[in-house]
> 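Encoded as structure tokens, here's the structure I'll be asking about.
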Amino acid sequence: MSTISKSDVAYVAGLAQLDLDEAATARLVGEMNSILGYMEKLNELDTDAVEPMMHAMALTNVFRDDEVKPSLPRELALRGAPLHDDEYFLVPKILDTEGGGA
Amino acid sequence: MEFEAVIGMEVHVQLNCKSKVFCGCSTNFHAPPNTNVCSVCLGMPGAMPVLNREMVTKSVAVGLALDCTISRWSKMDRKNYFYPDQSKNYQISQYDLPINHDGFLDIEVDGKSKRIGITRAHMEEDTARNTHTLGGGHSGVDFNRCGLPLLEIVTEPDIRSADEAFAFLTELKQILQYLGVSDCNMEEGALRAEANISIRPKGTEPFGTKTEVKNVASFSGTYKAIEYEIARQTQVLNEGGKVIQETRGWDDDRGVTFSQRAKESAHDYRYFPEPDLVPIVVDEAWEKSIHELQPELPAPRRARMVADYGLSVYDAGVLTQTRAMADYFEATTALAPDAKKVANWITGDLQALISNAEGDIRVIKITPTQLAAMINLIEDGTISGKIAKEVLVDMFQSGDDPKAIIEAKGLVQISDTGELEQRIAAVLATHPAQVEEFRSGKEKVIGFLVGQVMKATQGKANPKMVNEILRKQLSN
Ligand SMILES: [Zn+2]
């Protein structure tokens, strides 16, 4: 039986950039354990003969053709941003060079 | 202690689709910031991504070229992290079911072949570009790059030196260019290589602590960064220190790597299947149709050029550097049978003209048919090799047929025995001293006399005949 501890919740909260107080942390420990408990229950089933499912919908290969469609006018694209300079979205200065995904 | 380097590469390649991977925005690199953006690539709530079919086709083409297994079933996943190079707080990538896996690429270093394992080559979206030069305590984000079709190619830690890394990158780039799936323009970031480098005592198995060198703008930069990093880590260990696992940048001006960030907490990206995109099935028929469109790749083409045309390995290597040059060579030599001569003209004079003009063999004015005609005119004695060089320059500028140029400029070689005898007699008459020298045994002076004859005929005399007639007249 895997159980979720307070420090697990704090770790996940940190990754999700959530600021949790004591009460919220305690509540989440309970909730997450009950979710995992449910999973444990499912794990009791024999699924050896069941094909793994990759997606909730029984669809595959939904593609678009490689065609350029009009983009948004820049003014519109930037309109919802908290801060911009009419060219760029502005964010607080990035200090470290910690690259993102790619 | 003697150490050995263990290097794995991660190469990001922008595939040259017209539109982005999940939306119809243009992939044009030169557009003003944030003009190729829409609700999908800006990650607006409710926007739904739809995968570009061409992205899959091109990715599989690369996978096949790298001898990968193509996944029958594949899916997209979310890679979660916070950083202002995307707006969704996740990047759509592939985690446990990459489209291509378990391949290899053979490279050659110092005449020895070596196989580099390819762990995987997976599809993902590129991220936005950050600019830090705006001032005012802000960084700018340009989402034009966000969502560009990206293929990440990951190797096994099979590379042992900067030379091998360089050979790997060069061969990989050549394959990508042959396939026509990427512009591979490094200045524009279409090809980005990262190296994971560690060292271990020679003859031991366990890996040492690795550093990751990122943001290197050229292959030669990668080469130098790896050399530097191996030397740096060796020194750290020899002084009893420990290598810290971290990302390091490369300062090309100073020729050093520098620490960018310690990876104390390894990233936990909490990948999970992307619910907005359905699985991708590449069945046998689709794989086969992509396979059938594959061009001949650089390595087999090099081998065939050596076998079919009797070229040296070196010449075959030079001629196959680009598919266009290899095509040009083959089209020319189909009409001018001396392949070695054709190779020399293309890699020598023609290549020099193209380089000087910063041109491209795909769009030059000289056609393979014209080049073949020019080479045949040398072979049949119409023009000398020396005159041909001038003719080639003219052809390069005007695009005219060699025959027309030769006739218009009166460059036809003098191969008329009577005329040559006269011209040579005249030269000998004006150089009695040299004639005496020759007759008293100074054979070398004949070179000077040949030169005088060529000068008197503006280079048009048939050199072989000049030599023969000169010797005959001198021995009289
Ligand atoms: Zn878009």
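Letters A, B, ... are given to chains in the order of the sequence lines, protein chains preceding strands, and every chain is numbered from 1.
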> Is B:P149 close to chain A through its backbone or its side chain, or both, or neither, when contacts mean heavy atoms under 4.5 Å?
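It is neither, since no heavy atom gets under 4.5 Å.
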> Give, as side chain, backbone, both or neither, the part of B:V56 having an atom under 4.5 angstrom from any heavy atom of chain A.
side chain
> Does any heavy atom of chain A fall under 4.5 Å from the side chain of B:S87, the backbone, both, or neither of them?
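Contact with chain A: none, neither part.
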> Measure B:L97 against the heavy atoms of chain A and call it side chain, backbone, both or neither at under 4.5 Å.
side chain
> Where does B:D142 contact chain A at under 4.5 Å (heavy atoms): side chain, backbone, both or neither?
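When you check distances to chain A, atoms from both the backbone and side chain of B:D142 fall under 4.5 Å.
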> When heavy-atom pairs shorter than 4.5 Å are enumerated against chain A, which of B:P275, B:P279, B:A128, B:S39 gives the highest number?
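Among B:P275, B:P279, B:A128, B:S39, the one with the most close pairs to chain A is B:P279.
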> Counting only non-hydrogen atoms closer than 4.5 Å, does B:C41 touch chain A with its backbone (N, CA, C, O), its side chain (CB onward), both, or neither?
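Neither part.
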> Specify the closest pair of heavy atoms between B:L42 and A:A77, including all atoms of both residues, with the distance to one decimal.
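Heavy-atom minimum between the residues: CD1-CB, 3.8 Å.
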> Among the options B:V21, B:T27, B:N36, B:N89, pick out the one with the most heavy-atom pairs lying under 4.5 Å from chain A.
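That would be B:N36.
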> Find the one option among A:L15, A:L76, A:D85 whose heavy-atom pairs under 4.5 Å with chain B are most numerous.
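Among A:L15, A:L76, A:D85, the one with the most close pairs to chain B is A:L15.
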> Nearest heavy-atom pair of A:N61 and B:V278: which atoms, and what distance?
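So the minimum-distance heavy-atom pair works out to N-CG2, 3.8 Å.
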> Which atoms form the tightest heavy-atom contact between A:K93 and B:H132, and what is the distance?
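What the structure gives for the nearest pair is NZ-O, 2.7 Å.
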> What are the two closest non-hydrogen atoms of A:S71 and B:S26, and how far apart are they?
OG-N, 4.4 Å
> Look at B:R53 together with A:D66 and state whether they make a salt bridge at an N to O cut-off of under 4.0 Å.
no
> Would you mind checking which part of B:P84 comes under 4.5 Å of any heavy atom in chain A, side chain (CB onward), backbone (N, CA, C, O), both or neither?
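Side chain only.
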> Contact part of B:Y90 toward chain A, heavy-atom cut-off under 4.5 Å: side chain, backbone, both or neither?
neither
> Are the side chains of B:S19 and A:R64 in contact, using a 4.5 Å heavy-atom criterion?
yes
> Would you name the heavy atoms of B:N34 and A:L78 that are closest together and state the gap between them?
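Between these two residues, the closest heavy atoms are ND2-CD2, 4.4 Å.
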> Can you tell me which of B:G136, B:P33, B:C25 forms the most heavy-atom pairs within a distance under 4.5 Å of chain A?
B:P33
> Please state whether the side chain, the backbone, both or neither of A:L83 comes within less than 4.5 Å of a heavy atom of chain B.
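It is the side chain, since no backbone atom gets that close.
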> Heavy-atom cut-off 4.5 Å, strictly under: side chain, backbone, both or neither for B:L51 against chain A?
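It is both, since atoms from each part get that close.
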> Please lay out, stage by stage, how A:E67 and B:K18 fare under the test side chain to side chain contact (heavy atoms under 4.5 Å, CB included).
CA-CA 6 Å; A:E67 281 166 10; B:K18 292 194 277 290; 5.9 Å; no
> What are the two closest heavy atoms between A:Y11 and B:D268, and how far apart are they?
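Scanning both residues completely, I find the closest heavy atoms to be OH-OD2, 2.8 Å.
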